[in-house]
Amino acid sequence: MKILNGIEVSKSLKQEIKSKVDALKLTGKRAPHLAAILVGSDGASMTYVNAKAKDCEEVGFDSTVLRLEATISEEDLLKEVIKINQNTEIDGLIVQLPLPKHINEKKVTETISYKKDVDGFHPMNVGLMFKGIKTFLPATPFGIIKMLAHYKIETAGKHCVIIGRSDIVGKPMSALMLQQNATVTVCHSRTPDVSYFTKQADIIIAAVGIPEYLTGDMIKEGAVVVDVGITRVEDASTKSGYKLKGDVHFESVAPKCSWITPVPGGVGPMTRVGLLLNTLQAIEA
Ligand code: GUN
């Protein structure tokens, strides 16, 4: 069993991005600029947005975080989005989700200019992605594709089983793996016997959000296993009081795999680099 090391791969991709930014600056152009809107003070959302700003700094991008009160009206939030859409000094815009209940996320997502939608959530970008036309790809599936490519994992003709059908991971992942010439099966909460499929899989991408869902008895020898899950589970033995658990029961799955992502240090850092790659693409377009 070998480890798909997201920390190492993301480091090398970030180096490449930084070199491209340095080259841009040498030609007199400004750096790529990512704007993030954070509404309210949800702890996880604040952590994610701060991490995204730190990543930008690391590769030489500019970043702006717009922090808005949780009580902001939908109308006022849309006005802020439109202002950034019109700002020619900003290349990419993300609105961190989830948003407070009184705000319609779909409306916000669809108001972001699809040319600045570096999350790849706008219906226009979803459509372009499904057709295989170059556009912004949702960061997690994009990062996974980059990781598989880095380790030269064969996808053509392989059976890829994706567990989970979310708009941001499962569905786009299925489109991207099809484009990589895999045979794709998508399992979800209404699939009667998920293990029937996972036992046949050459590549498994687990994105269910249930800690340690995929166990060793559910996979075949030599499978490649990618774990998208990241759930905080209470653990009194740690300083923080919790532990991060993936969707894969690592102890039973790892010995049977050819390749596996750890949690943390697997898909997470690749997701972060996916957003940087999109932002670089936004300024190059
Ligand atoms: N909340 C959780 N994941 C994401 C993401 O990828 N983008 C945004 N905008 N919000 C999120």
Side-chain angles (χ1 to χ4, degrees), residues 6 10 32-56 61 63-68 70 72 74 77-78 80-82 84-85 90-101 103-126 129 135-147 164-173 175-176 205-209 226-232 244 246-247 263-264 266-282:
S10 72
H33 187 167
L34 174 70
I37 297 181
L38 174 65
V39 182
S41 53
D42 173 72
S45 289
M46 289 201 292
T47 308
Y48 289 139
V49 167
N50 289 340
K52 288 168 188 178
K54 187 176 148 275
D55 289 339
C56 283
F61 290 1
S63 70
T64 301
V65 179
L66 184 56
R67 293 181 172 83
L68 301 170
I72 191 170
E74 182 181 287
L77 174 60
L78 294 176
E80 295 294 344
V81 169
I82 291 164
I84 297 176
N85 282 346
I90 293 176
D91 308 293
L93 167 62
I94 59 169
V95 177
Q96 187 65 28
L97 304 178
L99 289 169
K101 287 200 171 54
I103 298 174
N104 182 338
E105 286 186 357
K106 181 171 173 283
K107 213 162 168 184
V108 174
T109 304
E110 292 179 9
T111 301
I112 296 173
S113 161
Y114 78 90
K115 294 185 176 171
K116 295 194 180 187
D117 168 41
V118 285
D119 264 330
F121 293 170
H122 191 287
M124 179 74 174
N125 286 324
V126 175
M129 176 200 61
T135 188
F136 304 120
L137 305 176
T140 299
F142 189 15
I144 292 170
I145 293 289
K146 283 281 180 190
M147 175 144 68
R165 56 171 158 176
S166 69
D167 284 344
I168 63 173
V169 183
K171 283 186 208 166
M173 197 72 238
L176 298 180
I205 299 175
V208 253
V226 176
D227 188 350
V228 180
I230 182 158
T231 308
R232 284 182 180 192
L244 293 176
D247 289 350
V263 174
V267 172
M270 295 307 298
T271 295
R272 289 167 64 171
V273 97
L275 179 65
L276 296 175
L277 288 166
N278 281 337
T279 306
L280 181 64
Q281 190 183 313

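For ligands, and for the atoms within them, numbers begin at 1 and follow the listed sequence.
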Non-hydrogen atoms of [X] and [Y] that approach each other most closely:
X	Y	result
T135	M129	CG2-N, 3.7 Å
N104	E74	N-OE1, 2.9 Å
L176	P141	CD1-CB, 3.6 Å

Can you name the side-chain contact (heavy atoms from CB on, under 4.5 Å) partners of S63, sequence neighbours left out?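 Only A53, C56 meet the side-chain contact (heavy atoms from CB on, under 4.5 Å) criterion with S63.
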Donor-acceptor pair, distance only, cut-off 3.5 Å: does the side chain of D91 make one with the backbone of T279?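 Checked: no pair found.
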When you measure from the side chain of K116 to the backbone N and O of I84, does any donor-acceptor pair fall under 3.5 Å?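 The answer is yes, because a donor-acceptor pair under 3.5 Å joins these two groups.
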For ligand 1, list every N/O pair with the protein closer than 3.5 Å, one pair per line with the distance.
| unit_1 | atom_1 | unit_2 | atom_2 | d |
| --- | --- | --- | --- | --- |
| ligand 1 | 1 (N) | Q96 | NE2 | 3.2 |
| ligand 1 | 1 (N) | L97 | O | 2.9 |
| ligand 1 | 7 (N) | D119 | OD1 | 3.2 |
| ligand 1 | 7 (N) | D119 | OD2 | 3.2 |
| ligand 1 | 9 (N) | V95 | O | 2.8 |
| ligand 1 | 9 (N) | D119 | OD2 | 2.6 |
| ligand 1 | 10 (N) | Q96 | NE2 | 3.4 |
| ligand 1 | 10 (N) | L97 | N | 2.9 |

